[in-house]
Amino acid sequence: MYRAEPVDIAVLKERAHDYRDQVERRLSGAMSEDQFKPLRLMNGLYLQLHAYMLRVAVPFGCYSAAQLRVLAAIARRFDRHYAHVTTRQNFQFNWLKLSDTPEILDLLADHGLHAIQTSGSCVRAITVDPHAGFGRHEVGDPRWIAESIRRWTSLHPEFTFLPRKFKIAISGDETDRSAFRLHDLGIQLVKKDGEIGARIFAGGGMGRGPAIGVEVVAFSPIRDVLGWVEAILRVYNLAGRRDHLYKSRIKVLVASLGADAFRAEVHKAFADAGDSRPVLSDAEYAATAAAFSKPDFDPDAAHDPAPALNPVQAHWAKRMAIAHVAPGYTGVMISLKRPGGIPGDIDADQMDGLADLAEQFSFGELRNTKEQNILLPHVRLHDLPALYDGLEPLGLTATNSGLASDIVSCPGMDYCNLASARSIPLSQVLSERLDRLGLDDELGPLSIKISGCVNACAHHHVADIGILGVDKTDTDYHQILLGGASDANASLARTISKALTTDQTADAVERVLRRYLQVRTDSEESFAACIRRLGLALFKEAVDAAG
Amino acid sequence: MKIISGNLLDEGTPVWWTGVAWSSDITLAAQIDPKAAESLEKELAGTHGQRVVSLEVVPLKAGGLMPRRQVIRQLGPTVRPDLGPLFDVRMGQAA
């Protein structure tokens with residue numbers, strides 16, 4: 001469990017106090033909208049289609065049952081009784097009044113939460129592998145490095161006004177669940193000669209002009225990671241473009257310089273920093289690690305009898321349980337993707353119910369995933385039947401983690417000012433169809449991600465089947481992309497269709513899925529492997545086939 | 001023709017310029033000559049900026065039809081019609 005330090009709480013309260021004053025001055029007319037807008041954005045408050053939207057930062061996606069209850073209370077008291085889990089492991093509220101937001105930030109600060117670093121040209125809230133701390137093949141806990149970077153970069157004057165936003169993702173596992181090569185800066189913890197260190201990438205990103213990050217450092221000792229992050233940020237801060245919004249991300253700088261020249265610039269900046277370079281001492285790293293307390297696992301859990309699961313529960317457990325390093329324990333994914341539902345939405349009653357279950361069965365810990373689901377990280381295996389029984393009345397037993405109907409979708413034009421098309425209706429049509437056809441289990445692991453515009457909030461570039469919304473004659477149209485991946489074989493999906501209506505898109509996706517079932521060697525060949533073997537032509541043919 | 005939209009400073013609620021005032025009813029939006037819309041928007045931002053923010057000049061579709069983004073702003077998310085403008089009324093009734 002992550003616990004913010006007293007100094008962090010003090011900073012958050014001070015920041016909330018400042019914000020209250022700013023809002024009062026804005027509402028009184030003492031401050032103009034032009035003066036106020038950058039201040040509200042620095043506190044995560046956007047003005048969207050219907051009202052103000054607050055993006056609440058969840059440190060590394062990890063939070064407690066108590067914090068979830070606070071979020072549920074905010075949903076009830078200030079919003080319309082629900083919240084939305086984002087692909088950046090945060091929560092969003094969609095229907096706020098400006099004059100209520102100071103009280104909301106106070107409530108968040110009182111409970112170690114905040115909304116800073118969720119907007120603006122700064123280092124954004126850092127995301128990590130949601131299996132952090134319990135993955136069986138974990139090299140090191142990515143949250144420790146993430147927290148070290150957060151402490152060092154938060155409010156750092158040199159990095160508060162970067163050319164553009166800067167996103168960092170960190171993985172501590174052989175298997176990448178953080179998409180670290182698709183971020184401005186990505187770190188993978190690796191082991192070399194028995195020492196844990198960091199492999200560092202930069203220049204990745206989705207959105208306009210997607211790019212896979214280039215390796216900048218093959219192995220850095222932990223003590224030098226902050227130095228490398230500083231060097232990358234410094235090169236970007238000095239050389240990144242500020243004259244063109246669409247060319248201001250670090251991926252554009254890396255592409256314009258070329259990977260070798262960019263790498264050389266970073267290594268020079270690292271060397272030039274000399275004695276001023278930040279060093280993460282063993283003592284400081286250990287203190288940072290101490291912010292994450294380990295659950296008090298019961299050693300007797302290893303000897304528990306197998307859980308008594310009925311067939312429905314057994315099917316659910318097989319799909320939603322995640323291997324755990326502690327004997328007798330498991331992680332459990334809670335899907336927010338019921339058929340026909342809105343991906344990522346969770347209502348206040350579900351939040352409170354889930355908080356109760358987290359306290360009862362998972363040491364009070366929860367995590368958000370970039371797939372817009374919630375993870376209970378430490379569940380005793382023999383508690384699985386009781387957990388299922390607790391989830392059922394909450395409507396949270398959808399059994400589709402990692403399957404086709406576990407569709408990731410941005411809010412699209414139903415909420416977002418930037419969207420070109422609606423995303424949620426297509427996700428609803430597809431999830432209902434997949435449920436009706438019963439294809440999920442036959443297909444096996446497969447990702448569908450739907451973005452409403454080129455900003456790619458749903459990460460459609462790295463989906464097996466990515467879908468991009470486009471505006472055409474003021475109607476929803478979508479382009480289909482295939483072959484993306486964000487794992488060790490990171491690749492960007494390629495567009496294979498013209499713009500299609502929502503119904504045409506759903507039909508085309510079904511044809512692609514059926515074609516995959518026809519042509520895969522066996523059920524072990526993943527969609528990505530199948531495309532690598534056969535190419536896109538067969539699937540494009542399926543998309544183009546009418547009726 | 002064009003219309004001018006904005007959001008109430010405190011509530012964030014979408015509103016439209018009727019020609020004499022701001023209304024939360026899109027059907028009352030004044031259709032403005034495209035040549036006059038930009039200057040009117042600047043004038044409104046100057047005189048009404050304390051009450052209405054995020055002003056935007058919105059071209060109408062052929063035949064004077066409203067762009068669907070504006071319709072969605074008026075009615076609420078298409079996927080949650082229960083969250084539209086009558087939400088507060090309904091919650092009041094429920095209470």
Side-chain angles (χ1 to χ4, degrees), chain A residues 23 26-37 40 45-54 76 79-82 84 94-101 340-343 345 347 409 411-429 471 473-476 502, chain B residues 2-3 5-16 24 26 41-42 44-95:
Chain A
V23 170
R26 176 66 191 110
L27 289 171
S28 73
M31 188 185 282
S32 73
E33 184 64 11
D34 286 346
Q35 291 169 319
F36 177 68
K37 186 176 174 182
R40 72 163 160 78
L45 189 69
Y46 294 71
L47 186 51
Q48 291 285 27
L49 290 184
H50 309 293
Y52 288 98
M53 179 273 278
L54 184 70
R76 275 201 193 87
D79 204 272
R80 298 194 170 180
H81 300 229
Y82 72 105
H84 177 75
N94 289 297
W95 301 88
L96 302 180
K97 275 178 74 173
L98 178 60
S99 52
D100 286 335
T101 54
I342 297 176
D345 276 10
D347 71 38
S409 169
M413 199 191 281
D414 276 301
Y415 290 93
C416 178
N417 253 334
L418 302 175
S420 304
R422 294 179 303 160
S423 304
I424 298 169
L426 176 59
S427 75
Q428 293 175 310
V429 168
D471 186 11
T473 62
D474 207 32
T475 309
D476 294 327
T502 297
Chain B
K2 295 185 176 181
I3 59 171
S5 84
N7 295 74
L8 294 181
L9 169 63
D10 187 15
E11 296 84 353
T13 314
V15 288
W16 293 268
S24 57
I26 196 173
E41 185 237 332
K42 283 191 178 66
L44 290 171
T47 54
H48 294 244
Q50 180 49 27
R51 184 167 165 242
V52 178
V53 296
S54 197
L55 267 61
E56 182 188 9
V57 174
V58 181
L60 295 176
K61 297 199 293 186
L65 295 174
M66 285 291 168
R68 65 195 174 123
R69 186 189 301 274
Q70 297 304 312
V71 177
I72 291 171
R73 291 178 75 220
Q74 165 77 85
L75 298 177
T78 62
V79 292
R80 289 289 306 269
D82 56 315
L83 298 179
L86 294 178
F87 178 85
D88 288 331
V89 177
R90 276 194 296 273
M91 292 313 290
Q93 286 170 347

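What's counted below: heavy atoms across the whole structure, side chains too, no hydrogens, waters or symmetry copies. Letters A, B, ... mirror the listed sequences (proteins, then strands); counts begin at 1.
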Q: Kindly give the heavy-atom pair with the smallest separation between B:Pro67 and A:Asp474, and that separation in Å.
A: CA-OD2, 3.3 Å

Q: Kindly indicate whether the side chain of B:Leu75, heavy atoms from C-beta on, has any atom under 4.5 Å from the side chain of A:His50.
A: no

(Q) I'd like to know if the side chain of B:Glu11 reaches the main chain of A:Leu98, judged simply by a donor and an acceptor atom lying under 3.5 Å from each other, with no hydrogens or angles considered. (A) no

Q.
Does any part of the side chain of A:Tyr52, heavy atoms only, come nearer than 4.5 Å to the side chain of B:Asn7, both counted from C-beta?
A. no

Q. Is it the side chain or the backbone of A:Asp34 that comes within 4.5 Å of chain B heavy atoms, both, or neither?
A. neither

**Q.** For the student: nearest non-hydrogen atoms of B:Leu83 and A:Arg80, plus distance
**A.** O-NH1, 2.6 Å

**Q.** Min side-chain heavy-atom separation A:Trp95-B:Thr13 under 4.5 Å
**A.** no

**Q.** Proximal component of A:Ile342, with respect to chain B [non-hydrogen, under 4.5 Å]
**A.** side chain

Q.
Need one label for A:Leu47: side chain, backbone, both or neither, based on atoms under 4.5 Å from any heavy atom in chain B.
A. side chain

Q. Considering only heavy atoms, which portion of A:Phe36 lies under 4.5 Å from any heavy atom of chain B: side chain, backbone, both, or neither?
A. neither

Q | Which portion of B:Arg80 sits near chain A, non-hydrogen atoms under 4.5 angstrom | A | side chain

Q. Nearest heavy-atom pair of B:Val79 and A:Ile424: which atoms, and what distance?
A. CG1-CG2, 3.7 Å

Q: Go through A:Gln48, A:Met53, A:Lys97, A:Lys37 and name the one with the most non-hydrogen pairs under 4.5 angstrom from chain B.
A: A:Lys97

Q: Go through the atoms of B:Leu65 and report whether side chain, backbone, both or neither lie under 4.5 Å from a heavy atom of chain A.
A: neither

Q) What part of A:Ser28 is in contact with chain B, defined as an atom under 4.5 angstrom from a non-hydrogen atom: side chain, backbone, both or neither? A) backbone

Q: Give, as side chain, backbone, both or neither, the part of A:Thr475 having an atom under 4.5 angstrom from any heavy atom of chain B.
A: backbone

**Q.** Within-4.5 Å side-chain heavy-atom neighbours: A:Arg422 and B:Ile72
**A.** yes

(Q) Need one label for A:Ser427: side chain, backbone, both or neither, based on atoms under 4.5 Å from any heavy atom in chain B. (A) neither

Q. Quick one: does A:Arg26's side chain get under 4.5 Å of B:Val53's, heavy atoms only?
A. yes

**Q.** Between CZ on residue B:Arg68 and OG1 on residue A:Thr473, distance to nearest 0.5 Å
**A.** 8.5 Å

Q | Residue, of B:Gly76, B:Ser54, B:Ser5, that accumulates the most heavy atom pairs under 4.5 Å with chain A | A | B:Gly76

Q | chain B contact via A:Gln428 - side chain, backbone, both or neither, heavy atoms under 4.5 Å | A | side chain

Q) Closest approach of A:Glu33 and B:Leu9, non-hydrogen atoms and distance? A) OE1-CD1, 3.8 Å

Q.
Quick one: does any side-chain atom of B:Arg69 pair with a main-chain N or O of A:Asn417 as donor and acceptor, under 3.5 Å?
A. yes

